[in-house]
Amino acid sequence: QVQLVESGGGLVQAGDSRRLSCEASGRAFISYVMGWFRQAPGKEREFVAGIHQDGVQTYYIDSVKGRFTISRDNAKGMVYLQMNSLKPEDTAAYYCARARPLLTRVRLTEDDIRYWGQGTQVTVSS
């Protein structure tokens with residue numbers, strides 16, 4: 001059974017930094033592309049960032065490029081999202097996601113995702 005457990009959300013001020021963590025249970029963590037999605041109130045869930053099994057290849061949506069960094073620790077089964085220079089428009093529930101087997105593309109869609117975390121809320125006040 002695969003479980004993804006996010007942590008690190010909270011209330012922050014614009015310009016602050018925050019690091020989200022995702023602990024993945026289950027076997028062969030290193031075999032899967034991992035990603036972060038987010039869903040703001042009243043909006044559809046959107047892809048934020050993805051990371052290849054090698055931990056080197058990454059992809060970011062334009063609105064977070066240069067401010068967010070995704071990383072992973074394959075030995076620990078962890079994925080992180082370092083968020084800097086946070087803006088009120090970054091306010092959302094953030095979801096950790098594990099892609100389907102054999103996928104190597106890091107620009108993800110919801111159709112690529114096999115497992116989701118429960119989400120952690122990030123609220124950025126102006």
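When a residue number appears, it is its place in the shown sequence, counting from 1.
Counting non-hydrogen atoms of neighbouring residues, nucleotides and ligands closer than 6.0 angstrom, the CZ atom of R107 reaches no more than 12 such neighbours. Counting heavy-atom neighbours within 6.0 Å of L11 CG, excluding the residue itself, gives a total above 12.
Rounded to the nearest 0.5 angstrom, L103 CG and L108 CG are separated by 6.5 Å. A distance of 4.0 Å separates CZ of R38 from OH of Y94, quoted to the nearest 0.5 Å. The structure places CH2 of W116 at 10.0 Å from CG of L4, a figure rounded to the nearest 0.5 Å.
For the pair D54 (side chain) and Q57 (backbone), a donor-acceptor distance under 3.5 Å is present. Of the possible polar contacts, one joining the S125 side chain to the V12 backbone as a donor-acceptor pair under 3.5 Å is found.
Judged by a 6.0 Å distance limit and a 45° cone about the ring axis, R45 is positioned over the six-membered ring of Y95. With Y115 as the aromatic partner, R98 does not meet the cation-pi criteria of under 6.0 angstrom to the ring centre and within 45 degrees of the ring axis.
Between R100 and D111, none of the side-chain N atoms (NZ, or NE/NH1/NH2) sits under 4.0 Å from a carboxylate O, so this pair counts as no salt bridge. Salt bridge D90/K87: absent, no basic N to carboxylate O contact under 4.0 Å.
Listed by chain and residue number, nothing satisfies the ring-ring contact (aromatic ring centres under 6.0 Å, His included) test with Y32 (two or more places apart in sequence, or in another chain).
Below 30°, between 30° and 60°, or above 60°: for F47 and Y59 the angle between ring planes is below 30°, a parallel geometry.
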